[in-house]
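Since the structure comes first, as C-alpha cells, the remarks are kept for the end.
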Amino acid sequence: MDSGHTIPILGNGYVRYIDHLGSDLRIVESARISYKSPSKGEDQDKKLLSYLYKNRHTSPFEQCSITYNIKMPIFIMRQFVRHRTFRLNEWSGRYSELADEFYIPTQWRAADAKNKQGSQVSSELDHAALTQEVKEAHEKAYATYQSLLQKGVARELARAVLPVSIFTEVYVNCDLHNLIHFLQLREDDHAQMEIREMAAAMRVVAEQLYPWTFEAFHKYRLGVTDRTKSA
Ligand SMILES: Cc1cc2nc3c(=O)[nH]c(=O)nc-3n(C[C@H](O)[C@H](O)[C@H](O)COP(=O)(O)OP(=O)(O)OC[C@H]3O[C@@H](n4cnc5c(N)ncnc54)[C@H](O)[C@@H]3O)c2cc1C
C-alpha cells in the first residue's frame, strides 16, 4: 500500500495510511525466537500465527505497528484518546487557526428507548430541518470564533466557542496487538456509529498489511462479545 492511501470517513474526515513496521512473518519470526527455530515454510508459518492468535500469545503482535493520519470530529477524538497505548500527536488549536469544518450526520438518530448505548435512524425526526438548524449553529459559532480572533483574543481561548463537531487531526502509531484490542471494542455494536466507521477504515488498512493476522481476527474474534477476553 502506498503511503498516503486515504479512506474518507464521516464527511470531511479520513483515515490515511502513513507507514508500518513488520509483517505477518515478523510476528512468526518473533515467536520462533523462543526455540531459536527457523521458518518452516509458508503453510507452517501461517498455522503458527493462527495458533498464536487463537491462544492469546499476544506479544509477537506487538512487534508490528502502523502509523495513521486521521481526521475526525473532536467528540470522536475524546473516545479515541481513551486508548492509552496509542502514541499520538494532535493538531493544536493553540498554535493554528481551526478550519471551518464540522461533522454533520447524513441521517439523524434517535436514542434507543431500552439500550442506553443505542441509537437508530428515526423517521420521526425531520432530518432536513435538523441539518439546517445544526448548520446555522456551526456558522454562528465559527463567526464568533473569527470575531474573537479579530478582536485580539488568543486562539487558545477563542476556540472555546467552537462545538465538539469540529474536525481535528492526529498522527497516531499503534502496535498490532493493541490495534486489535481497539477494533474489538470500537467496531462492536455497543460503540457509537461514528467511531465504528473510523475503526472499520483503520481495519481495512491493517488487513492489507497483515492478511494472515486478520484472517485469524475474523476467524476467532469478530463478533465475540465476551469483554473479559482481551486480544
Ligand atoms: C462502548 C464503550 C463505551 C464506553 N463508555 C465510557 C463511558 O461512558 N465513560 C468512560 O469514561 N469511558 C467509557 N469507555 C472507555 C472505556 O472505559 C475504556 O477506557 C476504553 O475502551 C479503553 O479501553 P482499554 O483501557 O481496554 O484500552 P487501552 O487504554 O487501549 O489499553 C489497552 C490495554 O492495555 C492495558 N493498559 C493500558 N494502560 C493501562 C494502565 N495504565 N494500567 C493498567 N493497564 C493498562 C489494559 O490491559 C488495557 O485493556 C467506553 C468504551 C466503549 C468501547
Side-chain angles (χ1 to χ4, degrees), residues 7 9-10 13 15-22 26-27 30-31 49 52-91 103 105-122 163-207 209-210 213-214 216-218 220-231:
I7 301 174
I9 57 162
L10 305 173
V15 168
R16 179 171 291 153
Y17 162 72
I18 301 299
D19 59 16
H20 73 287
L21 183 69
R26 172 68 55 79
I27 296 162
S30 304
L49 186 144
L52 295 169
Y53 194 101
K54 185 180 176 190
N55 292 286
R56 300 176 218 285
H57 293 298
T58 54
S59 55
F61 294 87
E62 293 174 20
Q63 298 281 351
C64 296
S65 71
I66 308 178
T67 300
Y68 299 94
N69 169 206
I70 307 180
K71 187 172 168 188
M72 68 186 108
I74 282 183
F75 69 92
I76 294 305
M77 179 68 184
R78 289 188 61 173
Q79 299 181 353
F80 192 71
V81 293
R82 300 307 307 275
H83 295 272
R84 296 160 291 176
T85 57
F86 287 7
R87 294 166 286 274
L88 69 85
N89 292 93
E90 185 181 8
W91 183 22
Y103 172 65
T106 48
Q107 290 185 298
W108 292 92
R109 306 190 298 274
D112 189 294
K114 291 183 190 152
N115 175 6
K116 280 184 187 161
Q117 289 177 318
S119 63
Q120 289 96 29
V121 173
S122 167
V164 290
S165 52
I166 199 162
F167 278 85
T168 186
E169 211 178 303
V170 292
Y171 253 56
V172 59
N173 175 267
C174 47
D175 72 65
L176 194 51
H177 165 54
N178 282 292
L179 175 66
I180 286 167
H181 178 69
F182 167 82
L183 295 176
Q184 286 176 319
L185 290 171
R186 299 300 184 176
E187 279 204 277
D188 189 274
D189 57 13
H190 290 81
Q192 181 167 344
M193 189 282 280
E194 282 78 7
I195 198 161
R196 282 159 60 186
E197 185 175 330
M198 188 179 80
M202 292 170 73
R203 174 176 48 75
V204 166
V205 169
E207 276 172 340
L209 305 172
Y210 310 101
T213 300
F214 279 86
F217 173 85
H218 290 297
Y220 298 118
R221 289 286 186 276
L222 210 61
V224 173
T225 52
D226 179 354
R227 283 137 201 267
T228 61
K229 293 174 185 169
S230 65

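Start at 1 and go down the list; that is how both ligands and their atoms are numbered. All figures in this text were calculated on a predicted structure; none of them were measured in a lab.
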**Report entry** Minimum heavy-atom distance between Phe167 and Trp91, given as atom pair plus value
**Finding:** O-CZ3, 3.7 Å
Report task. Return the minimal non-hydrogen interatomic distance between Asp188 and Gln184, and the atom names on each side. Result ->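 Shortest heavy-atom separation between Asp188 and Gln184 comes out as CB-O, 3.4 Å.
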Requested in this report: Answer side chain, backbone, both or neither: which part of His181 comes under 4.0 Å from ligand 1, heavy atoms only.
Outcome: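 For His181, the contact with ligand 1 is made by the side chain alone.
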Requested in this report: Examine the proximity of ligand 1 to Arg186 and report which part, side chain or backbone, both or neither, has a heavy atom under 4.0 Å away.
Outcome: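 Arg186 to ligand 1: side-chain contact only, backbone stays beyond 4.0 Å.
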Query raised in the report: Is the backbone of Val170 close enough, under 3.5 Å, to the side chain of Asn69 for a donor and an acceptor to pair up by distance?
Result: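 Indeed, once roles are kept as given, a pair shorter than 3.5 Å links the two residues.
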Query raised in the report: Would you say Tyr68's side chain and Met202's backbone share a donor-acceptor pair under 3.5 angstrom?
Result: yes
Query raised in the report: Considering distance alone, does some N or O of Arg84 sit under 3.5 Å from an N or O of ligand 1?
Result: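 Yes; the residue has a nitrogen or oxygen that sits under 3.5 Å from a nitrogen or oxygen of the ligand.
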Query raised in the report: Asn178 to ligand 1: N or O pair under 3.5 Å?
Result: no
Query - Proximal atoms of ligand 1 relative to His190 (non-hydrogen, under 4.0 Å) - result: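 Here the atoms of ligand 1 in question are 1 (C).
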Query raised in the report: For ligand 1, which atoms sit closer than 4.0 Å to a heavy atom of Leu185?
Result: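 The atoms of ligand 1 under 4.0 Å from a heavy atom of Leu185 are 21 (O), 23 (O), 53 (C).
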Query - Test: Arg16 and Glu169 ion pair at under 4.0 Å - result: no
